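Working notes, structure below.
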2 protein chains.
Amino acid sequence: MLEAGQRKRAENPFEDLREALQGGALQQVRKLVNALHPAEIAQLLESSPPPERYLVWELVDPDEDGEVLLHVNDDVREDLIRTMEEDELVAAVEGMDVDDLADLLQHLPDTVIAEVLHSMDAQNRRRLEAVLGYPEDTAGGLMNTDVVTVRADVTLDVVLRYLRLRGNLPDLTDSLMVVNRFDRYQGVLALTDLLTNGPDLTVAEVMDREVEAIEANTRAEEVAKTFEDRDLVSAPVIDENGALLGRITIDDVVDVIRAEGRQSLMGMAGLREEEDLFAPVWKKARNRWPWLAINLVTAFVASRVIGAFEGTIVQIVALAALMPIIAAVGGNTGNQTIALIVRALALGQVTPGNARRLLGKEAAVGLLSGLVWGVVVALFAYAFYQDVLLSLVMGSALLLNLLVAAAAGVLIPLSLRALGRDPALGSSIFLTATTDSMGFLVFLGLATIFLL
Amino acid sequence: MLEAGQRKRAENPFEDLREALQGGALQQVRKLVNALHPAEIAQLLESSPPPERYLVWELVDPDEDGEVLLHVNDDVREDLIRTMEEDELVAAVEGMDVDDLADLLQHLPDTVIAEVLHSMDAQNRRRLEAVLGYPEDTAGGLMNTDVVTVRADVTLDVVLRYLRLRGNLPDLTDSLMVVNRFDRYQGVLALTDLLTNGPDLTVAEVMDREVEAIEANTRAEEVAKTFEDRDLVSAPVIDENGALLGRITIDDVVDVIRAEGRQSLMGMAGLREEEDLFAPVWKKARNRWPWLAINLVTAFVASRVIGAFEGTIVQIVALAALMPIIAAVGGNTGNQTIALIVRALALGQVTPGNARRLLGKEAAVGLLSGLVWGVVVALFAYAFYQDVLLSLVMGSALLLNLLVAAAAGVLIPLSLRALGRDPALGSSIFLTATTDSMGFLVFLGLATIFLL
């Protein structure tokens, strides 16, 4: 029964809730909303168009406001914050973890930030400032400062008694950090080792010194890779002198991993990852216009390439009908290569040593595909126009444009990366620009040489 | 020093190693390779073209073979398994976790599977069969059976003594599972609660009964969402009767999340997620041909649309130069919408209730963009051809094709989803097919009506 219910809810998330909302049963909506986890409330808000969104937000338990704001994407967060009074915002962030607070703080109005800082005790303020000192996409920005530390020279029994005295441990604590009296990181004491070893042993005898700490300036993607490769739940973060600053936990890493995947997908098409599904129309449109403008410019370039061959087209009008085939197949094939390279770059599979090899491989694939499908295309063209030379031009142009597509598909993301940019961002738009212009040039050029 | 070294290694992974490999210093390569984690060795193998790949594989410590095989992608795994003798394979999988073994087993030759099953003790074989009974992409397929269970009526002190007697706990154990004497799942006892509560309390007094178990048939993506929403490290898995079967750990969930992101990226372009970067050329080419063939068919359809207007083009050859602009802008704009919808579907943000609203929103964005950029395009066209009517046709066609792009961008992934398919798979190819054909039809159609 329970399981059937669970499955149903997952297939049709929030269905009861939406019904209650439609029916105006606000007390019921409030109950249903606040039975959800903050992350689920965030999902509900993201998938609700305004004004439904504001109504739901109004009904969320104020104690959950901060957590929910953390989970929604940037655009929706901005939208929700706009609807809140200053004192509501201050109340919302009270009692949040330092790393979460650091993430959220930058999105709040200055007056709210001042008030939040003012209301914190000195220790927490110092911790917050430590996290705020690092960019959001580094280990320092991801870390939390709620570390439980122990010394190497005490016995496990002392640690056990200390923990009972403490009465609780921060979420996602799978190990305690061992530091010396200068706060230098020494190793970790896993809770499992604490539990399975004799209480008379010292921490030094049981701790794991092999766990490498992450330096605070390490990039977030690299942190994610380390967690993934080594199956970590949490990892210590140190400054350049080896002093323990805090720890990173897997929940924040999962967010990084999730965002990375989405970013490439959205980035290839020239979109920001954080776009709100239900942003106002003018805002959505404006977000897309920079790339639309670039796209228009490149399309005009391709158009001018065709323009240069107008004399040829007037004589053989079939060329006008056939040329988009060359462009379309080049564009789609090149996009396959780009997707492959963007993924390989994200996985760290592309190195200076193998980039040339990779280019050769993709070019060879383009050559083979071009030979096989060039013949197919030539046969089709012959079927329609019964012109051998035209068919040969068609097949050769397809072959050449597939080589262009392979080269552009490898070189565009690698060049973006070399320029220090996101290799996915807009790559698809640059690629079709290349395969369109070159496709038209090659096809109409060959036609002008051989058919006139 | 340590940190600088870490950073360098991450920027230039395996650089020393590749140098040693180039120089033929095999003993040094062996040492460097076996200092890496299995996941890093997997990455090295994936980024090494054969025959370098086989050489490295030969040098990997046989004890690590199984773990490395787990971490490489499907195509590379198949490639490596082909190079191994039967007894090497049997040795490689010995001592692996049951969930990992279940993943790997299906990729091994039947004779090896038989031998592995034969060599297992009855308990492990029963466990393996339990995991193998569920599809790979369900909670049952993801779970491991190495659960440590306790009863609710014992005291924490008894549990503590039991754990010390046990001497170790499985990796990523953050909680013990509480079951009754019929093996029914009752709740979890977090290690942190075990450590911070008095030893005289009973498990029943301390355990968390709120943690919902995951039913074994739950889809992997849903499991990932639950882990992400609730910041879990591990979760119990039960059968339809509530009996505890095993547990899922965050490391396997991270793999699911990572794969999901990559899958959308590769899928949009019509590629499989597991493609080997350095697969043989003919294999790579063949992988891409099904979509290339579909693409060619749709391109020919678009070509026939143009063919129908050859009479118009002969009279106004400028149309041939201008028409690809309409198609290109439509294609790229539609791809933005697709990326947005594919992401929203993955996040569970699209429901039957808001799909229509979303379509309206995207159509409104298309309308606004079409009005603004239609004017820009019309002005450009006028600058080149000094023809008012032609410019008006151009602007109107752009507007109309942006509406087509918006509709297709929403409807294609939603339709694929409704058909039970991956909403990303090939969506980009279907979209450009639509925007090309419709773009040409609208532009040349309007031109035929108003310009002839």
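Labels below follow one simple rule: chain letters A, B, ... track the order of the sequence lines, proteins then strands, and each chain is numbered from 1. Keep in mind it's a predicted model, so treat the numbers as computed, not measured.
Heavy atoms closer than 4.5 Å to chain B are found in the side chain of A/Arg304, but not in its backbone. Looking at A/Pro280, the atoms closer than 4.5 Å to chain B (heavy atoms on both sides) all sit in the backbone: N, CA, C or O. Within the 4.5 angstrom heavy-atom criterion, only side-chain atoms of B/Val372, from C-beta onward, approach chain A. Contact of A/Phe440 with chain B is made through the side chain alone, with heavy-atom distances under 4.5 Å. With a 4.5 Å cut-off on non-hydrogen atoms, B/Gln263 does not touch chain A at all. Within the 4.5 angstrom heavy-atom criterion, only side-chain atoms of A/Leu194, from C-beta onward, approach chain B. In this structure, no portion of A/Glu52 lies under 4.5 Å from any heavy atom of chain B. Proximity to chain A is absent for every atom of B/Ala302, based on heavy atoms less than 4.5 angstrom apart. In this structure, chain B has a heavy atom under 4.5 Å from the backbone of A/Ala279, while its side chain stays farther away. Contact annotation for A/Leu358: both backbone and side-chain heavy atoms come within less than 4.5 Å of a heavy atom of chain B. Contact annotation for B/Leu292: only side-chain heavy atoms (C-beta onward) come within less than 4.5 Å of a heavy atom of chain A.
In this structure the side chain of B/Phe278 reaches within 4.5 angstrom of the side chain of A/Asn354, judged on heavy atoms. Here the side chains of A/Leu340 and B/Arg288 are in contact, with some heavy-atom distance below 4.5 Å. Inter-residue side-chain proximity for A/Asp174 and B/Val233 is flagged as unmet; no heavy-atom pair is nearer than 4.5 Å. Proximity of A/Pro324 to B/Asp436: side-chain heavy atoms (C-beta onward) are nowhere separated by under 4.5 Å.
For the pair B/Lys361 and A/Leu277, the tightest heavy-atom approach, listed with the atom from each and the gap, is CG-O, 4.3 Å. Between B/Leu195 and A/Leu163, the shortest heavy-atom contact is O-CB, 3.9 Å. Scanning all heavy atoms of the two residues, the minimum distance from A/Met323 to B/Ala320 falls at CE-O, 3.2 Å.
With chain B as the partner, the residue from A/Glu362, A/His71, A/Glu260 showing the most heavy-atom pairs under 4.5 Å is A/Glu362. The greatest number of non-hydrogen atom pairs below 4.5 Å with chain B, out of A/Thr432, A/Thr173, A/Asn168, A/Asn335, is found for A/Asn168. By number of non-hydrogen pairs under 4.5 angstrom with chain B, the leading residue of A/Val365, A/Thr196, A/Val342 is A/Thr196. Ranked by non-hydrogen atom pairs under 4.5 Å with chain B, the options A/Val376, A/Asp251, A/Leu265, A/Leu322 are led by A/Leu265. Interface check for chain B: of the options A/Ser47, A/Gly267, A/Ala39, the most heavy-atom pairs under 4.5 Å are formed by A/Ser47. When A/Ala293, A/Gly198, A/Gly311 are compared by the number of non-hydrogen pairs under 4.5 Å with chain B, A/Ala293 comes out ahead.
Note that CG of A/Asp231 is 6.0 Å distant from CG of B/Leu172, once rounded to the nearest 0.5 Å. Within the model, atoms CD1 of B/Ile250 and CD1 of A/Ile250 stand 5.0 Å from one another, a figure rounded to the nearest 0.5 Å. In this structure, OG on B/Ser303 lies 4.0 Å from CD1 on A/Ile325, to the nearest 0.5 angstrom. Interatomic distance, B/Met268 CE to A/Ile338 CD1, rounded to the nearest 0.5 Å: 11.5 Å. Taken to the nearest 0.5 Å, the OG atom of A/Ser264 stands 11.5 Å off from the CE atom of B/Met266.
Relative ring orientation between A/Phe384 and B/Phe300 is described as parallel, the plane-to-plane angle staying below 30° on a 0-90° scale split at 30° and 60°.
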- Task: Show your working on side-chain contact (heavy atoms from CB on, under 4.5 Å) between A/Asn332 and B/Trp291 and close with a plain yes or no.
- Result: CA-CA 9 Å; A/Asn332 280 314; B/Trp291 285 107; over 6 Å; no
- Which is it for B/Glu46 and A/Arg343 under the salt bridge (charged side-chain N to carboxylate O under 4.0 Å, His left out) test, yes or no, and what are the steps along the way? CA-CA 12 Å; B/Glu46 287 180 349; A/Arg343 186 198 60 157; over 6 Å; no
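With respect to A/Lys225 and B/Glu40, no salt bridge is recorded, no charged nitrogen being found less than 4.0 Å from a carboxylate O.
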